[in-house]
Each structure stands twice: as C-alpha cells, then as structure tokens.
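Below is one structure, written out as structure tokens; comments come after it.
Whatever order the structure lists them in is the order used to number ligands and atoms, beginning at 1.
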Amino acid sequence: MPIKFPSPIRFLNPSLPVARFPLTNVGLSLNTPRSIPIFTRVFPFKLKYLGFASHFSTHSFRPVPTGSRPEFSRRTGGGGERGETKLSKSLIEDEAELSDWVSDLRTNSIRGRVTSEDESDSDMGRRYRSKSGRGRETDSGGNRGGGGNRGGGAGVLSTKRRRESNSNEFSEPTRRRTESTFGSPTRDRGTVGLPNARRGRRERNLGFKRDDKGSRGKGVFIDDDVVDNGEDERKGLVQNLGGLIIEEESDSDDDDNGVFEKNALSSIGLEKDFDVKDRPSLSTNSDSFMSETRFDQCSISPLSLKGINDAGFEKMTVVQAATLPAILKDVTVLDVEMLSKDVLAKAKTGTGKTVAFLLPSIEVVVKSPLNRDQKHPPILVLVICPTRELATQAATEAKVLLKYHPAIGVQVVIGGVRIALEQKSMQANLCQILVATPGRLKDHVENTAGFATRLMGVKVLVLDEADRLLDMGFRKDIEKIIAAIPKQRQTLMFSATVPEEVRQICHKALKRDHEFINTVQEGSEDTHSKVRQMHLVAPLDKQFPFLHAILKDHMADDPDYKVIVFCTTARVTGLVAEFLGALKLNIREIHSRKAQTYRTRVSDEFRKSKGLILVTSDVSARGVDYPDVTLVLQVGLPASREQYIHRLGRTGRKGKEGEGILILAPWEEFFLSTVKDLPITKAPVPSIDPDTKKKLERALSQVDMKSKEAAYQAWLGYYNSQKKVGNDKNRLVELANEFSRSMGLDTPPAISKVVLGKMGLRNVPGLRSK
Ligand SMILES: Nc1ncnc2c1ncn2[C@@H]1O[C@H](COP(=O)(O)OP(=O)(O)OP(=O)(O)O)[C@@H](O)[C@H]1O
C-alpha cells in the first residue's frame with residue numbers, strides 16, 4: 001500500500017537527490033496520486049559526473065524592482081545589453097507584395113508589423129492568406145551584399161578544420177537521431193579531427209592580410225507554396241501507461257537561490273563548491289557536455305527508456321541531466337497544480353536541449369489519463385518553435401522518443417502547409433503533443449473549430465529558442481497563445497542564449513518562482529571552444545571574391561566539406577546562391593522565398609550529404625541539427641549577438657570541432673564589440689589572382705538582373721532597419737550603391753516610390769525611383 005500524505009510534506013533535507021522509479025518496478029498502483037515511496041528518498045540514484053563542476057548553476061528568478069537588476073548571475077557572454085544590433089524589423093522587398101500590403105493596410109485587413117526571417121510563420125502570413133487569399137508570409141530573411149569581382153592577387157584561404165576530435169563524448173556507436181530519422185548514415189569522420197599541425201599548415205598557407213569591407217540587408221514578404229502535410233501519423237490506441245512513483249515536492253517552498261542551486265548540483269552529483277581542479281581525472285573543458293548519468297537512472301517510464309535506447313542515447317548530456325530532475329520533480333503528481341516549477345534553461349548549441357524538454361513532456365503525457373471518447377481530446381504538451389524547420393525537427397525527435405508509446409501522438413502545425421490538412425490531421429490522429437510555429441498556431445486558435453477547447457488541456461508549454469520567441473517579432477503572438485492555454489501549467493523555456501532583456505520579460509511565460517538552470521560554466525563563453533572563430537573585414541567589392549576564396553580553400557582542404565553560408569536576407573541569399581552556382585560550386589539554398597516543399601527537401605538532403613554548400617538566410621540559424629557541418633560562414637551584419645551565436649552553433653555540434661568565419665564591411669565592424677567576449681580572431685585576408693577575378697566577374701554577370709534588383713532593395717531594407725547604419729539615410733544610400741556596384745551594376749536599380757516611401761527613403765539623394 002502506498003502511504004499517502006497530504007502534500008507538500010518534506011521528509012528529508014530538500015537538497016538530497018531525488019530518485020523515482022517506474023511504478024512497475026515497485027509494484028504500486030498506477031493510479032495512485034501522490035504515492036510517496038519513502039525508500040526512494042533514502043536510496044537516491046547514484047550520479048557521477050565528469051568534469052563540469054561549476055558547469056551550471058540554477059537560480060530562482062524573482063521579480064525585479066524597477067531600476068534594479070534581476071537576480072541572475074551575470075556572466076560574461078551573457079548577451080545582455082551588448083546587443084546593439086537588435087533584431088531588426090523586416091521590410092518589404094517586393095513591390096507587388098508591398099502594394100498588396102499597403103492596400104491591405106488601407107482596408108485595415110492586417111496590422112502592419114515587421115518581422116525577421118525566421119518568423120516565416122508569423123501571423124502576418126496568415127493574415128495575408130485569410131484576407132487576400134494569397135499564401136504570403138513574412139519571413140525575415142536577410143539580404144546582404146556580396147562583393148563584386150574586384151579582388152586581386154593570388155592565393156587561397158585555407159580553412160582546415162579539426163573537427164570531431166572527441167566525438168566519443170557522444171558515445172558513438174550510439175545510433176543518432178538523424179540516422180534513425182532520416183535514414184542517413186551520417187558517418188562521423190574520424191574522431192581525431194584535423195590535428196593542430198594541419199591548422200598550422202593552413203595558417204602558413206594563407207598568406208592573407210587583414211583588411212576589409214562589406215555590407216548587407218533584409219526584410220521580406222514571401223509567397224511560400226502550400227504543401228501537403230508530411231506528418232506520419234500515429235494510429236492505434238493502446239493502453240496508456242500509468243505513472244511513476246513520485247516524490248513529494250521537497251522544495252516546494254524553497255525559493256532560496258542557494259537551495260535551488262544546491263539541489264540542482266547535488267542531483268547530478270556535484271556540489272556547489274565542487275572544483276574540477278581538485279579532481280585531475282575530471283575534464284575541465286567547458287565543452288564537456290556529456291554527463292555520466294544514464295537515462296535509466298532517472299524516473300523515466302520504461303517505454304520512453306526503450307525509445308531512448310533505440311535512438312542510441314545512453315547517457316544524458318549535461319543540460320539533460322541538469323534539467324530533467326528539476327522538470328520531472330513532481331511529474332507523477334497528477335494534480336496539475338502540483339506540477340514542478342517552471343524552468344528556464346540555457347545550454348550551448350548542439351548539446352541536446354530538444355530531448356531535455358521533450359522527455360519530461362512525454363512523461364507528463366504518459367501519466368495523464370487517456371480519454372478516448374472526448375470530442376475534442378486535449379492537447380497536453382504544446383511546443384513552440386520559431387521556424388518551420390525547427391518545429392518539424394522537434395516533432396521528428398519526439399516521434400523517435402515515442403516509438404514505444406503508440407497511444408501518444410505528436411502533430412506539427414507550421415506555415416506553408418495547408419491549414420485544412422493540419423485540421424484534418426489533428427482531428428483524425430492522436431495529438432497529445434503539438435509542435436507549432438507561432439503564427440500558424442495562432443491561426444488555429446482563431447480559425448479551427450474546437451482547437452481552443454483542446455488547448456485548454458495543456459499541462460506543459462515549451463518555448464524552444466525562448467529568447468527568439470519572446471522578442472518583438474513574436475511576442476504578441478506568444479502572448480495571445482499563452483492567453484489561450486491554462487494558467488496552471490508547467491512552462492519550460494530553452495535556448496543557447498538568454499540575454500538580459502529576456503530574463504526581465506520571461507515572467508510573461510514563466511511563473512515568478514521559476515528555476516533558471518544555466519549549464520554554461522561561469523566565465524566560459526557561450527560558444528564552443530572547439531569551434532574556431534574568425535572574422536574578416538572586407539570592403540563590399542571584395543566580399544564575393546573572398547567568399548569564393550574561402551569556400552574553395554575549405555573544399556580543397558576537406559573533400560567531406562559541409563558548409564553553411566548565412567546571408568542577411570532571403571533576396572541576398574538568392575543572389576549569393578546564384579553567384580556561387582554560376583561558379584559551379586555544389587550549392588543549395590534555403591530561405592523564405594522558397595516553397596516549403598523545396599525547403600524541406602533541401603534540408604533533408606543537406607542533413608544527409610557531404611560535399612555541399614547550403615546558402616541560407618536566418619531560417620536555418622537556430623536549432624537545426626545538421627550533422628558534421630565543417631564551416632559556418634556569415635556574410636554581413638548578423639541581426640544580433642544571439643543570432644551570431646546560433647548561426648555559429650550549426651557547426652561543432654555534439655562536442656565536435658568546427659569553424660566559423662564572419663565577413664563584415666568596415667562600417668559593420670562595430671558588431672565585433674557585441675561579441676568581444678568570444679574568441680574571434682582575425683582571419684587572414686585571401687588574395688585573388690587576376691584570372692580568378694575575371695572568372696568571378698563573369699559569374700556575377702550571369703546572375704539574373706531581377707535577382708540583383710531584388711537584392712539591392714532588400715539590402716536597403718535591411719540596413720535601413722539597422723540603427724547604426726540606417727539612421728543616416730544619406731550614408732545608407734551611399735553604401736547601398738556601393739553594394740550595387742559590388743554586384744557589377746553601374747547604376748543602382750530603381751525602386752518604386754511606394755517602397756521608398758514605406759522605407760522612409762523618398763527623396764534621399766542617390767536613389768532612383770520608378
Ligand atoms: N543524450 C544524448 N546522447 C547522444 N546524443 C544526443 C543526446 N541527446 C541529444 N542528442 C543528439 O544531439 C544532437 C543535438 O541535439 P539538439 O539538436 O537537441 O541540440 P540543441 O542543444 O537543441 O541545439 P541548438 O541550440 O542548436 O538548438 C541531436 O542530434 C540529438 O539527437
């Protein structure tokens with residue numbers, strides 16, 4: 001018989017680690033709420049950790065009196081107020097769309113709002129569709145200017161990587177999600193990576209100088225095609241398994257930072273004052289993100305464990321080990337009011353945050369009663385992601401974990417898919433877990449019959465890439481969505497970046513007594529030390545040649561190259577892709593101007609491939625898990641410090657090595673001050689020989705005039721919205737025309753008066769209007 005106690009009852013010191021065991025293991029009733037096996041308090045699971053002593057800290061957040069600082073540990077690299085280049089508003093690239101937009105505004109059919117590329121699913125697109133009947137969406141994208149073909153000299157930028165040096169951190173025979181999901185045997189390329197000697201050789205070979213100039217822009221409306229929903233549905237109702245044995249909420253009344261911190265540390269076998277220096281056997285490498293804790297040491301249902309096992313995951317990553325105990329704390333308590341505290345978690349890119357929030361969410365579903373007769377069966381877990389790619393990826397990962405839970409279904413709702421198909425799918429299939437992008441989700445709240453009722457079942461809300469979702473581009477949608485779900489819920493927010501502003505407004509989603517679990521070691525950077533970061537400052541007319549030189553060198557260096565080139569806007573992405581394509585490089589492009597079917601296909605292809613260059617806008621900046629990316633190139637001003645970190649995070653995932661190069665124009669150099677805490681060194685300046693220069697000029701001349709015109713306008717739009725550049729309109733136009741020349745144009749393209757008016761650029765000297 002389980003002993004029942006009124007909760008909360010504290011038996012032991014709350015700082016003790018908490019152990020829970022599947023109910024089946026101890027033969028207790030599945031349906032007994034608040035059964036408290038005292039034994040589990042006394043025999044906590046054993047946790048050992050390798051070297052991440054102070055790798056994370058946990059803090060309770062308390063409301064901050066106006067004018068004072070929030071109670072979070074302040075760390076270098078924390079983002080905070082550094083981000084002078086805040087995420088910008090997106091602007092209109094396409095005049096036809098602008099005209100529609102303006103007339104829509106006149107008819108009051110939409111709100112005028114500016115977004116950035118990864119908001120491809122934000123509500124503006126929906127408004128368009130519903131009002132004008134066209135499948136338009138805003139997408140932030142960015143364009144950036146590439147250079148012309150006026151470089152000189154010879155030589156190549158040799159960009160060798162020393163990747164994957166200790167991929168064993170992620171225990172490779174572990175079958176990886178990408179393999180099981182996409183059937184792509186993404187073989188790791190040798191754990192040794194390139195030895196330092198290679199890098200040395202690279203640097204010797206470079207023969208670059210440092211110098212510079214560049215630019216770029218952004219803002220868009222898109223016409224994404226409507227596509228079929230490729231959801232693979234889970235059918236067949238199976239008995240929902242009951243829960244696990246629960247602990248009482250030992251620290252339910254502890255909102256003392258010290259206690260939380262101690263609990264979190266001790267729960268993974270670390271004490272607050274643990275010092276790796278005292279244990280030489282433990283790694284002091286801040287990139288050691290694998291923990292020694294096995295999943296079966298945590299209170300996870302047996303069927304979830306089977307799924308985890310099949311996915312090839314044996315041990316938890318640090319962020320999983322740090323957050324799971326906190327999130328799962330009271331997951332066996334069926335009374336939703338007793339759910340654990342909300343959690344805001346920060347962990348570096350590519351360290352397993354998705355599983356960290358999916359797994360406990362699944363456990364909540366496992367423990368919830370299954371009612372098959374309901375007309376509108378409740379959605380229990382709502383996961384919100386800022387991009388379609390990310391939402392799809394998270395749902396795919398959920399399906400992997402749910403392999404042995406046939407009674408639990410996950411559905412995705414994202415822009416670019418016919419809403420009717422999603423409605424049908426949610427109606428016909430199990431949907432306890434819903435993964436969504438904000439705009440489309442709001443669309444369903446407003447337009448799908450019975451959906452609002454289903455949302456009232458939400459017990460867990462997850463905001464993936466939380467800082468992005470809480471910034472201005474999404475905040476209104478998120479607020480509306482939050483208003484549509486129960487207040488009594490558990491909210492989990494995850495990101496690799498948690499800037500100060502987000503901490504200050506996170507109470508919009510989180511309860512005030514939430515825990516902040518930061519797995520980024522105090523004093524360590526937000527980026528991985530195994531990812532080598534460089535910047536190259538180059539004038540706009542040199543940027544195309546330099547980009548080409550860097551790519552050529554990297555390709556020569558590694559036949560298994562896999563490169564992502566980030567551009568500022570969708571239109572500039574298209575331009576750069578066309579230019580590199582004309583040079584016969586193996587290019588793919590993803591941005592909001594591409595149909596969703598195409599985006600999905602290219603994304604899958606890139607995931608599986610080697611020897612490929614993906615030219616993309618910020619739709620690929622966050623969360624997307626492409627294995628073995630060898631180099632990330634960022635051309636032009638990143639929208640923010642955070643965006644720089646997330647883009648860079650596409651390489652060096654799972655403890656592997658990688659390389660990142662940021663190309664800036666001299667007048668964009670101010671950005672470096674926002675990332676001055678990151679180890680970004682100067683890249684050698686490539687030299688371009690006269691033959692190559694001619695070849696590049698030829699390639700540029702092959703780029704469609706329409707692409708150049710669109711890129712020019714998008715460039716203007718992007719930089720116009722960047723305070724530091726856009727404030728001086730005369731200067732802005734001078735730079736735009738420099739960008740135009742870098743594309744090989746003698747005269748800048750004319751822009752419609754409507755668009756110029758919208759941008760506030762009418763009558764600025766140097767612009768041509770039509
Ligand atoms: N415990 C684990 N053991 C081995 N691999 C894991 C484990 N957990 C997650 N992974 C794998 O690690 C990779 C990175 O995970 P994920 O994409 O969740 O990282 P992330 O921290 O969310 O990154 P980002 O900040 O870029 O969104 C994925 O391929 C995932 O399947």
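- Listed by atom number, the atoms of ligand 1 under 4.0 Å from R653 heavy atoms are 14 (C), 16 (P), 17 (O), 19 (O), 20 (P), 23 (O), 24 (P), 26 (O).
- Residue contact check: T354 has heavy atoms under 4.0 Å from atoms 16 (P), 17 (O), 18 (O), 22 (O) of ligand 1.
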Test log, rule side chain to side chain contact (heavy atoms under 4.5 Å, CB included), inputs R588 and F606:
CA-CA 8 Å; R588 298 290 182 277; F606 189 68; 5.7 Å; no
Between R468 and H646, does a side chain to side chain contact (heavy atoms under 4.5 Å, CB included) hold up when you go through it step by step?
CA-CA 11 Å; R468 180 72 190 93; H646 286 277; over 6 Å; no
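- Proximity of E314 to ligand 1 is not established, as no heavy-atom distance is less than 4.0 Å.
- With a heavy-atom cut-off of 4.0 Å, K353 touches ligand 1 through backbone and side chain alike.
- Under 4.0 Å is where a charged nitrogen must lie from a carboxylate oxygen, and between E292 and K315 at least one such pair does.
- Residue-ligand proximity: R650 is placed with a non-hydrogen atom under 4.0 Å from ligand 1.
- Set against the non-hydrogen atoms of K654, the atoms of ligand 1 under 4.0 Å away are 11 (C), 12 (O), 13 (C).
- Between the NZ atom of K676 and the CG atom of L678 there is a distance of 10.5 Å, given to the nearest 0.5 Å.
- Using a non-hydrogen distance threshold of 4.0 Å, R622 does not register as a contact of ligand 1.
- Those atoms of ligand 1 that come under 4.0 Å of a heavy atom in K315, given as number and element, are 1 (N), 2 (C), 3 (N).
- At least one heavy atom of F295 lies less than 4.0 angstrom from ligand 1.
- At least one side-chain heavy atom of R650 sits less than 4.5 Å from a side-chain heavy atom of F566.
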Checking D467 against D471 for the side chain to side chain contact (heavy atoms under 4.5 Å, CB included) test, could you report, in this order, the C-alpha distance in whole Å, the side-chain angles of both residues, the deciding distance, and whether it holds?
CA-CA 6 Å; D467 54 326; D471 78 22; over 6 Å; no
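- Between the CD1 atom of I478 and the CG atom of L463 there is a distance of 5.5 Å, given to the nearest 0.5 Å.
- The shortest N or O to N or O distance between H646 and ligand 1 is not below 3.5 Å.
- Taking any N or O of G350, backbone or side chain, at least one lies under 3.5 Å from an N or O belonging to ligand 1.
- When only modelled atom types and interatomic distance are considered, E363 and S304 share a side-chain donor-acceptor pair under 3.5 Å.
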Output, in order, the C-alpha distance, side-chain angles, deciding distance and verdict of side chain to side chain contact (heavy atoms under 4.5 Å, CB included) for Y644 and I680.
CA-CA 12 Å; Y644 169 85; I680 309 177; 3.4 Å; yes
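- For ligand 1, the atoms sitting less than 4.0 Å from at least one non-hydrogen atom of K348 are 21 (O), numbered in the order shown with element in parentheses.
- Nearest-heavy-atom check against atom 8 (N) of ligand 1 across Q320, Q393, E465 picks out Q320.
- With a 4.0 Å cut-off on non-hydrogen atoms, T351 touches ligand 1 through its backbone as well as its side chain.
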